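What follows is a set of notes on a single structure, which appears directly below.
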Protein chains: 2
Amino acid sequence: MTDPALPARHDFLRRHNFGLVLTTIAARGPLSRAQLAVDTGLTKATVSQLAERLVSCGLVRELEPARGAVGRPGSPLELDRKGIVGLGVEIAADYLAVCAADLSGAVVIHRVEGRDNRGAAPSAVIDRVAALVHAVREDLQATGRSALGVSVAVPGLVEGGHTVRLAPNLPGWTDLPLAAHLSVALATQLPIEAENEANLAALAELWYGIATDLDFIHVSGEIGVGGGVVVDGAVFRGVRGFAGELGHVTVDPAGPLCGCGSTGCLEQYAGQDALLRAAGVTGDSSTRDGDPNGPLRELVSRAEAGDERTTAALDAAGRAIGLAVAAVVNILDVPTVVLGGIYAPLAQWLVAPVEAELRLRALANRWDPVTVLVSTLGTQAAVRGAAGVCVDRVLRDPVSYFPVLQLG
Amino acid sequence: MTDPALPARHDFLRRHNFGLVLTTIAARGPLSRAQLAVDTGLTKATVSQLAERLVSCGLVRELEPARGAVGRPGSPLELDRKGIVGLGVEIAADYLAVCAADLSGAVVIHRVEGRDNRGAAPSAVIDRVAALVHAVREDLQATGRSALGVSVAVPGLVEGGHTVRLAPNLPGWTDLPLAAHLSVALATQLPIEAENEANLAALAELWYGIATDLDFIHVSGEIGVGGGVVVDGAVFRGVRGFAGELGHVTVDPAGPLCGCGSTGCLEQYAGQDALLRAAGVTGDSSTRDGDPNGPLRELVSRAEAGDERTTAALDAAGRAIGLAVAAVVNILDVPTVVLGGIYAPLAQWLVAPVEAELRLRALANRWDPVTVLVSTLGTQAAVRGAAGVCVDRVLRDPVSYFPVLQLG
DNA sequence: AGCTTAAGTTCGACAGCCAAACTAACCGGC
DNA sequence: GCCGGTTAGTTTGGCTGTCGAACTTAAGCT
């Protein structure tokens with residue numbers, strides 16, 4: 001929010017402090033004005049003034065005074081969970097999902113619709129997304145809530161938060177101005193943005209999952225393999241926003257040819273299809289219109305039964321993941337790895353080889369071992385992250401959504 | 001400088017705008033107050049007020065009015081190059097270097113001393129550094145200049161800007177509070193900080209070298225191999241500040257054992273010693289106290305003569321670098337690679353294999369090819385970057401160095 | 001010389017924070 | 001049941017630092 005190339009004027013102070021108060025409430029739960037003053041470093045007078053406006057905008061709600069202690073009881077302020085929500089959308093290869101989250105991040109509505117998006121034209125998919133979002137907005141209106149933004153998770157490279165450059169598993173999705181199209185299809189002025197699903201899944205893990213307050217890389221196994229790096233509470237997006245293509249990091253230059261044209265990519269060892277093939281599970285996941293998780297469940301049950309071919313495949317995949325992640329750790333110095341997507345249910349066979357490779361190859365591992373965690377959000381991570389992004393923006397800079405805060 | 005967790009008070013405005021004015025002058029050369037007002041977005045009144053104080057602190061200097069145009073001529077303001085300087089120190093495996101840079105980044109003093117630091121105790125090295133710095137400070141005093149900070153480049157992992165956790169090519173340099181030791185040895189209150197040499201070299205390339213205003217990864221070849229990632233004008237340091245250990249990224253899991261305990265590290269293919277060994281150049285660079293660049297020069301002349309063993313070694317090193325950098329590009333999405341350190345004089349043999357591997361392995365390379373540049377600063381990059389860091393801090397936040405600015 | 005143009009300064013208005021005094025609400029002891 | 005002690009929240013006045021506009025300064029041009 002603070003651009004060092006921009007002049008700092010008076011209104012910046014208000015703007016910054018509104019965000020400070022809101023994020024403090026979000027992080028530490030309901031707090032009285034007095035406690036907020038202590039926690040933020042502002043004076044009681046300032047907090048009171050800011051709080052009054054936040055309440056009148058419907059962002060914050062005053063609870064009943066908490067009695068019991070000596071002195072006048074304070075009235076705790078909490079995020080108003082009844083008013084505005086953020087909308088998250090996920091466009092996956094084989095389903096669509098929409099999710100509404102209130103200011104606290106709690107899920108209000110969550111809908112998933114199985115669908116083959118690989119065989120459909122982008123415009124048809126966008127129309128279906130618009131219909132789903134429209135239905136969700138109507139239901140929200142019935143409970144008196146309204147959305148203030150839409151964020152879309154896409155399994156591909158997204159440029160500038162609006163355009164899909166390339167989505168390897170969604171044929172036809174190249175150089176597509178998704179945000180603009182969806183804006184037209186929805187016939188709305190709502191801010192709409194798109195983002196890589198791996199990055200959003202990582203944020204969900206940060207905000208609502210296993211990795212609260214950590215710096216980590218979230219490895220999401222799907223048909224491809226994505227990586228979302230979170231440092232200091234924010235995703236590292238890279239220059240053009242294409243960061244995180246872990247699936248095409250070279251694990252062994254002498255390895256098999258990959259669809260991307262290179263050799264020995266991680267995806268060829270630990271991608272869902274490669275894993276199934278190596279374990280000898282039949283039924284390519286891409287040709288099924290039925291339960292997309294069937295082959296994965298088969299893999300898990302074979303591993304549980306101790307099938308040697310399966311456990312060997314998982315061990316090889318784990319070592320490949322460990323090698324690629326070790327490179328990330330060496331280059332980016334992240335102390336934690338979160339295994340997500342299909343790796344979550346397979347974690348018990350993956351964690352040991354991943355850790356072994358990290359011990360061997362990650363330089364910083366010696367005096368400060370890299371922690372390997374398992375995702376708790378599973379396939380819901382990306383949508384929840386998307387909805388969370390909308391909410392997070394409001395909390396950090398409410399003035400940009402409610403200009404009234406700045407006036408009168 | 002702006003911590004979203006801290007309250008914004010009035011003094012922040014001044015602080016920010018002082019930095020804004022200084023960095024604008026630094027970036028666009030001498031500017032009149034009126035032009036500064038346009039460029040920064042502040043009003044003429046505010047700029048005048050800020051400028052007056054910057055001049056009285058010796059940070060900025062008013063030039064003679066530039067005549068020739070219609071209207072009252074403006075008095076250009078430029079950074080005062082006569083007063084304060086930043087000091088940079090580099091502790092390499094086989095030499096020490098000290099550099100003083102004025103506010104514009106221009107080198108005032110630059111001294112290099114060949115020395116085997118691998119065989120010496122850390123305390124002996126620190127004493128020698130202190131002596132060198134002391135001598136430079138005396139010479140500076142003779143010209144009326146004074147240092148306002150020391151920044152030390154170290155070929156290893158530096159934690160929190162003060163402690164060397166591990167330096168693979170400097171035996172004994174583990175868990176060493178370098179900043180504190182140097183502070184004692186120098187008997188000074190000057191702010192002293194330590195930083196990885198690869199990161200500082202990257203910054204030098206950004207500020208004074210080939211990569212002005214770019215986002216890039218700087219690969220610095222020395223005894224080890226370092227990588228410094230610059231995005232948005234800042235080095236990506238990672239969580240604990242250990243980012244950039246490119247030398248120990250695995251190039252081939254079946255490759256040779258490395259001193260770090262892992263196998264197939266980049267350093268084993270493209271580190272200076274490995275390169276000399278593969279080319280068959282005798283004379284280990286670590287045992288010479290004379291010209292540290294002797295073996296390197298020998299390598300270059302053999303390559304120029306077309307010696308096949310040498311060119312084959314360089315080609316293999318280039319491919320290894322390309323493979324490791326491709327991983328970085330996939331994970332971080334940096335569009336430019338700068339070859340620095342010993343790779344600069346060797347670039348004509350390295351660029352082709354590096355580019356070939358990037359074409360093969362970097363996913364984003366297809367529609368937006370990665371540019372490979374050659375450092376213009378060579379082995380001077382790290383020291384100059386170190387000196388530059390001191391200068392940069394002052395320009396960004398002069399109030400922290402001159403509290404007077406904030407008062408009266 | 002006098003007009004035009006542009007740079008830089010001065011001055012009053014205004015926004016937004018802080019500090020401190022003040023009011024409000026609750027507890028507990030007598 | 002009242003009164004002091006304690007903590008919460010509000011009100012008031014002061015201060016800082018920006019902006020905008022009027023003003024002064026210093027040139028070139030006719």
Side-chain angles (χ1 to χ4, degrees), chain A residues 2 6-21 25 30-56 60 62-77 398-399 403-408, chain B residues 2 6-21 25 30-56 60 62-77 398-399 403-408:
Chain A
T2 320
L6 255 39
R9 293 200 241 285
H10 257 105
D11 59 316
F12 167 82
L13 301 180
R14 264 282 151 95
R15 223 172 149 151
H16 177 96
N17 290 335
F18 270 129
L20 177 61
V21 168
I25 296 176
L31 295 172
S32 68
R33 290 165 177 79
Q35 193 56 51
L36 267 173
V38 173
D39 285 15
T40 59
L42 296 163
T43 59
K44 285 192 297 176
T46 305
V47 170
S48 273
Q49 212 177 111
L50 296 173
E52 192 193 330
R53 297 188 185 203
L54 289 172
V55 169
S56 74
V60 160
E62 192 163 349
L63 302 178
E64 285 308 299
R67 296 149 150 267
V70 198
R72 173 175 170 180
S75 310
L77 300 172
V399 173
V404 203
L405 286 169
Q406 197 75 260
L407 314 169
Chain B
T2 321
L6 254 40
R9 292 200 243 284
H10 258 103
D11 60 315
F12 167 82
L13 300 180
R14 265 280 151 95
R15 223 171 149 152
H16 176 96
N17 290 335
F18 269 129
L20 176 61
V21 168
I25 296 175
L31 295 171
S32 68
R33 290 167 178 79
Q35 193 56 51
L36 268 172
V38 173
D39 286 15
T40 59
L42 297 164
T43 58
K44 286 192 295 176
T46 305
V47 170
S48 273
Q49 211 178 116
L50 296 173
E52 192 194 330
R53 300 190 184 201
L54 289 173
V55 170
S56 74
V60 160
E62 192 163 350
L63 303 178
E64 284 308 297
R67 294 149 148 268
V70 200
R72 174 176 171 179
S75 309
L77 301 172
V399 173
V404 202
L405 286 168
Q406 196 75 262
L407 314 171

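Hydrogens, waters and symmetry mates are skipped; everything else that's a heavy atom, side chains included, is used. These numbers come from a predicted model, not from an experiment. Below, read A as the first sequence line, B as the second, and so on, with proteins coming before strands; counting in each chain starts at 1.
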Where protein sits on nucleotides 16-29 of chain C, one letter per nucleotide: B base, S sugar-phosphate only, - none, heavy atoms under 4.0 Å: BSSB----BBBS--
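As judged by a 4.0 angstrom heavy-atom cut-off over every strand, Ser48(B) is placed among the base-contacting residues.
Qualifying side-chain hydrogen bond (donor to acceptor under 3.5 Å, both in side chains) partners for Arg14(B), counting only residues two or more places apart in sequence or in other chains: Gln49(B). In terms of the side chain to side chain contact (heavy atoms under 4.5 Å, CB included) criterion, residue partners of Ala45(A) (sequence neighbours excluded) are, by chain and number, Thr43(A). In terms of the side-chain hydrogen bond (donor to acceptor under 3.5 Å, both in side chains) criterion, Ser56(B) has no residue partners (sequence neighbours excluded). Annotation: side-chain hydrogen bond (donor to acceptor under 3.5 Å, both in side chains) contacts of Ser32(B) (sequence neighbours excluded): none. Residues meeting the side chain to side chain contact (heavy atoms under 4.5 Å, CB included) test with Pro7(A), sequence neighbours left out: Arg9(A), Asn17(B), Leu20(B), Leu42(B).
The two residues Ile25(B) and Leu77(B) make their nearest non-hydrogen contact at CG2-O, 3.7 Å. The two residues Pro65(B) and Pro76(B) have their closest heavy-atom pair at CA-CD, 4.3 Å. For Ala37(B) against Val47(B), the heavy-atom pair with the smallest separation is CA-CG2, 3.8 Å.
Rounded to 10°, the helix from dA1(C)-dT30(D) to dC30(C)-dG1(D) has 10° between the axis fitted to its first five pairs and the one fitted to its last five.
Counting 5' to 3', DNA chain D first comes under 4.0 angstrom of a heavy atom of chain B and last does so at the ends given by dT16(D) to dG28(D).
Among pairs with a residue in residues 31-42 of chain B, those fulfilling salt bridge (charged side-chain N to carboxylate O under 4.0 Å, His left out) read Arg28(B)-Asp39(B), Arg33(B)-Glu62(B), at least two apart in sequence or across chains.
Taking the six-membered ring for Trp and thresholds of 30 and 60 degrees, His10(B) and His10(A) have ring planes more than 60 degrees apart, a perpendicular arrangement.
Whole-Å rounding puts the Leu77(B) CG to dG8(C) C1' distance at 11 Å.
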